[in-house]
Number of protein chains: 2
Amino acid sequence: MHFTISEENYIKGIFHLQQETGLVNTNSLAAEMHTRAASVTDMLKKLKAKKLLQYEKYKGFKLNEAGLKAALVVVRKHRLWEFFLVDKLKFDWDSVHAIAEELEHISSEELVNRLAQFLGDPAFDPHGDPIPDKHGSIPVIYQKILSTVPLKKSVTVSAVSNQSTQMLEMLKHYHIALGTQLMILKKFEFDGSLEIKVLKQNACIISEQVAKNIFVHDMGKTK
Amino acid sequence: MHFTISEENYIKGIFHLQQETGLVNTNSLAAEMHTRAASVTDMLKKLKAKKLLQYEKYKGFKLNEAGLKAALVVVRKHRLWEFFLVDKLKFDWDSVHAIAEELEHISSEELVNRLAQFLGDPAFDPHGDPIPDKHGSIPVIYQKILSTVPLKKSVTVSAVSNQSTQMLEMLKHYHIALGTQLMILKKFEFDGSLEIKVLKQNACIISEQVAKNIFVHDMGKTK
DNA sequence: TAATATTTTTAGATTTGTCTAAAATATATT
DNA sequence: AATATATTTTAGACAAATCTAAAAATATTA
Ligand SMILES: [Mn+2]
Ligand SMILES: [Mn+2]
Ligand SMILES: [Mn+2]
Ligand SMILES: [Mn+2]
């Protein structure tokens, strides 16, 4: 089955939204795709015709098994290319998304599998997101939101859920990256902000909003 | 200046043809692009409007300075990606063209330059074709067509001008690749075929048509 | 539950890239 | 030079992806 670049982008957009909400609605997908609701409806018809979508007019929609499979192929490619860009070409992790957004549409299956092997079959991308394997299986990781971790417990950053340039820029400022070790020194009731100690850095304070987007796992646990 | 994938493909097609003939005509470009003459005319208008083309109706056309610059960017990307696929991902040199045909349209300039550096700034792609540098300069190489080489002179294969799958498949059969050392043992007047000795292989006979597409340089000369 | 607001779909247009068939131009042949 | 042939362009149509504006359906609120 062949998909256009546009179809692949919509499939991936639906995938991301349904991870959070189960059923997806037209307006939220329009926002995600930076397009208009009418354009979304047009595409929904095409994806339904291609039997990738569970969709009833006015009732919301989500990917069916075939759609999910297609989404995981694109997600795998996106994250493998991001890994390549950071690991081999030494890009900063906050500047690879836009490029991977193009690379994810290169169609050769042979290419993806050789790329994965060349990279050492990584299980997580530079933002800590899991990379599906060639069968679409996603590795599991035991991680918690930073704000739920007890005081003075040393943990390792494993993922970042908000991956806007603004967020990644901020983390860079705090010297926080994937694999960074840190602990919480104090929690401020007033606004939910946290005083944290990043390994080899001075203690600093991060807002609740930032803390809610940082995922960590126990030190020493391998991903 | 931004170009669509289609525009880039046409620009590259014109570039290849004008290398050989100077002026290009509509039908040959249609053949090169596997499309129809009418579609070519449509695109010529667009490229002329973008000031990339010297073009008078019915009189043929060629890229102007701006068009040439655009073509060299695409050619550089195509050949760098081919080098990557063969050198890093261990693809056969006869199976990379189609994939590079997609990869050459990834737009990031930063990506191309980092890729080139990662690959060690190669000057020639896996088919022996020169890779333009970031300013569009093409390395020169002193090479001759195999059929013009004197008998018993040991030479190294440096390029292959016909890069069809069929041709590359045939070369593989003869154990001929870039860098292969060989010499001509005998020339047959009757049909122009050559008896050659490929290093570490038995002597064999190749047709004139094959010989005309193989470029070689003196042994020991570095590219 | 009736009025109001929000969400979603449809109708109709636009742009890009392609095609076929016909017309226009250029080239070759008698 | 006139005619035939080949090449190139135009005219008009179509599919894909997008948009705006209006209509239809659903949800909210008084
Ligand atoms: Mn994309
Ligand atoms: Mn990522
Ligand atoms: Mn291409
Ligand atoms: Mn090549």
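So you know, we letter chains A, B, ... as the sequences are listed, proteins then strands, and number each from 1. This one's a predicted model, so the numbers in the text were calculated from it and none came from an experiment.
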**Request:** Report the nucleotide, chosen from dC19(C), dA16(D), dA26(C), that has the shortest atom-to-atom distance to any side-chain atom of D42(B).
**Result:** dC19(C)
**Minimum-distance nucleotide (side-chain atoms of K46(A) versus dT25(C), dT8(C), dA16(D))** = dA16(D)
**Asked** Any side-chain N or O of K57(B) less than 4.0 Å from the OP1 or OP2 oxygen of dT25(C)?
**Response** no
**Item:** N or O in side chain of Y55(A) less than 4.0 angstrom from dT9(C) OP1/OP2
**Value:** yes
Could you check whether [X] gets within reach of a base, just the sugar-phosphate, or nothing at all, counting any heavy atom under 4.0 Å?
X      : answer
K59(B) : nothing
N25(B) : sugar-phosphate
F61(B) : nothing
S6(B)  : sugar-phosphate
T26(B) : sugar-phosphate

**Prompt:** Would you call the rings of F118(A) and F118(B) parallel, tilted or perpendicular if under 30° counts as parallel and over 60° as perpendicular?
**Reply:** perpendicular
**Request:** Please report how far the helix from dT1(C)-dA30(D) to dT30(C)-dA1(D) bends, comparing the axis fitted to its first five pairs with the axis fitted to its last five, to the nearest 10 degrees.
**Result:** 10°
**Prompt:** Starting at CZ of R36(B) and ending at P of dC14(D), how long is that distance when rounded to a whole Å?
**Reply:** 18 Å
**Asked** Under a 4.0 Å N-O cut-off, is there an ion pair linking K12(B) with E101(B)?
**Response** yes
**Asked** Testing Q54(B), K69(B), Q18(B) for side-chain contact (heavy atoms from CB on, under 4.5 Å) with L63(B), which one passes?
**Response** Q18(B)
